[in-house]
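Only one structure is covered here, and it is reproduced in the block below.
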Amino acid sequence: AQIFIAKSKTKNDLVAHWLDNFGADGARVVGFGAEAADGFNIDFAYGDRTFRDYFRFDADGRRFTLVVDSCAADGACDRFADYVFEKKR
């Protein structure tokens, strides 16, 4: 999968697209988010569910995590995926 993220110059938020193996329909959904102290968050609204992506960076810059929650309209969330990425030395 690949994610493309850019900062909006007019709204000062983040705009994102995922391109992955779940099918092309997912690429039609635009995610919106904001920067956090140690990374950023992006929400993708897919019909009756929202996927919340949390990107967090370690202070040393060698590792980051991605946690994805799938949330229903009533606010109940389930863990969809989580990943840890590390830069090789």
For the CZ atom of Phe85 and the CZ atom of Phe64, what is their distance to the nearest 0.5 Å? 4.5 Å
Taking Asp58 for its side chain and Asp60 for its backbone only, find out whether a donor-acceptor pair lies under 3.5 Å. no
In terms of hydrophobic clustering (I, L, V, M, F, W, Y; side-chain heavy atoms under 4.5 Å; direct or indirect links), are Tyr83 and Phe4 co-clustered? no
Tell me the closest heavy-atom pair linking Ser8 and Val15, and the distance in Å. CB-CG2, 4.5 Å
Mind checking side chain to side chain donor-acceptor pair (under 3.5 Å) for Asp38 and listing every partner two or more places apart, or none if nothing turns up? Arg56
Do Phe57 and Tyr54 share a hydrophobic cluster (ILVMFWY, side-chain heavy atoms under 4.5 Å, transitive)? no
Residue pair Val68 / Arg52, side-chain heavy-atom distance below 4.5 Å: no
Keeping to residues at least two apart or across chains, list the salt bridge (charged side-chain N to carboxylate O under 4.0 Å, His left out) pairs with something in residues 4-17. Lys7-Glu35
Sorted by chain and residue number, the side chain to side chain donor-acceptor pair (under 3.5 Å) partners of Thr65 (sequence neighbours excluded) come out as none
Is a donor on one side and an acceptor on the other found under 3.5 Å between the side chain of Arg63 and the backbone of Glu86? no
Go through the structure and list residues passing side chain to side chain donor-acceptor pair (under 3.5 Å) with Asp82, not counting sequence neighbours. none
Residues 72-80, side-chain donor-acceptor partners within the protein, below 3.5 Å, at least two apart:
residue : atom : partner : partner atom : Å
Asp74   : OD1  : Ala76   : N            : 2.9
Arg79   : NE   : Asp69   : OD1          : 2.7
Arg79   : NH2  : Asp69   : OD1          : 3.4

Are any of the side-chain heavy atoms of Leu66 and Asp53 separated by less than 4.5 Å? yes
Answer with yes or no whether the hydrophobic clustering places Leu14 together with Val67; edges join I, L, V, M, F, W, Y residues whose side-chain heavy atoms lie under 4.5 Å apart. no
Name all residues meeting the side chain to side chain contact (heavy atoms under 4.5 Å, CB included) criterion together with Ile3; count only those two or more places apart in sequence or in a different chain, and write none if there are none. Ile5, Ala16, Trp18, Phe44, Phe55
Parallel under 30°, tilted from 30 to 60°, perpendicular over 60°: which one fits the rings of Phe51 and Tyr46? perpendicular
